[in-house]
Amino acid sequence: MSAKPVLTYFNGRGKMDSIRWLLTVAEVDYDEIFLTSREQFVKLLDDGSLMFQQVPLVEIDGMKLIQTKAILNYIAEKYNLHGKDIKERVQINMYSEGLIDLMEMIMILPFIQDPKSQLENIEKKATERYLPVFEKALIESVHLVGGRLTCADVYLFECTLMLEEKFAGILADFRGVKAFQGRMTQIPAVQRFLQPGSKRKPQPDEVYKQTVELVLARKVL
Ligand SMILES: N[C@@H](CCC(=O)N[C@@H](CS)C(=O)NCC(=O)O)C(=O)O
């Protein structure tokens, strides 16, 4: 088995992207297998790699891991990005779950019928429900939990980039979050990942959408 984690997913962001970001911040290099055909997916189903017949799949430390949050939590634990005790961890998990909810709303946009009205809904929720929470936390500390970098910071950073792609200037009223984003971009591994030519994926396009539907042999939504 490869010494590096092997990530099996589509050649796009989707549910794998937080995993890529977390590995990046943990400075763990990885290999990727991109699903482009139905046959590849069926082979994974047939050989029993996908416990619930779904990707992301991450091969790491001799295990085949599925379920995004389980994978994220394993990586966060392993690389000391999941708090020092259960009280920190539950805070981290609460922030993380909120961020994952928000990111999933953006993630499914390419697959829904009326993305425009959903975009308005996302912007409203981001500015009224989610960003104020992080603004408040970051007024008191440079990190969300425990005064040091955790996976919640990584998801918040990823989420701010996703939001700005859709709603330029959305952070204007959230100076604490914007300053946090600036600090995160100073991390050398983050800087490298943000450079053209890195393993970072672009925003989903029509090719990505059609590939997902081809591989899964169905409309996603
Ligand atoms: N709860 C799972 C959901 C995974 C999921 O929905 N994966 C999609 C691709 S992004 C999939 O494989 N769908 C195939 C199916 O559900 O049949 C996770 O977070 O990993």
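Hydrogens, waters and symmetry mates play no part in the numbers below; they use all other heavy atoms, side chains included. Both ligands and their constituent atoms are indexed starting at 1 by order of listing.
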TODO: Could you tell me whether the side chain of R38 and the main chain of L214 form a donor-acceptor pair under 3.5 Å?
DONE: no
TODO: Starting from atom 19 (O) of ligand 1, find the nearest protein heavy-atom neighbour and note its residue, name and distance.
DONE: T68 OG1, 2.9 Å
TODO: For residues S49 and I66, report the shortest heavy-atom separation together with the two atoms involved.
DONE: O-CG2, 4.1 Å
Task: Closest protein heavy atom (residue, atom, distance) for atom 2 (C) of ligand 1 - done: Q67 OE1, 3.1 Å
Task: Any donor-acceptor N or O pair under 3.5 Å, side chains Q54, K15 - done: no
- [ ] Would you mind checking if K78 and D61 are paired as a salt bridge, meaning a charged N to carboxylate O distance below 4.0 Å?
- [x] yes
Task: Y9: numbered ligand 1 atoms lying under 4.0 Å from its heavy atoms - done: 10 (S)
Open item on the list: Which residue and atom name correspond to the protein heavy atom nearest atom 15 (C) of ligand 1, and how close is it?
Closed with: R218 NH2, 3.3 Å
TODO: Using a 4.0 Å heavy-atom threshold (strictly under), name the region of K15 that reaches ligand 1: side chain, backbone, both or neither.
DONE: side chain
Task: V55 N/O to ligand 1 N/O under 3.5 Å - done: yes
- [ ] Could you please spell out the steps behind the side chain to side chain donor-acceptor pair (under 3.5 Å) verdict for T185 and Q191?
- [x] CA-CA 6 Å; T185 57; Q191 278 179 0; 6.0 Å; no
Open item on the list: Classify the ring geometry of Y95 against F134: parallel below 30°, tilted from 30° to 60°, perpendicular beyond 60°.
Closed with: tilted
Task: Nearest protein heavy atom with distance in Å, relative to atom 16 (O) of ligand 1 - done: Q54 NE2, 3.1 Å
Open item on the list: Could you tell me, atom by atom, which parts of ligand 1 come under 4.0 Å of a heavy atom of P56?
Closed with: 20 (O)
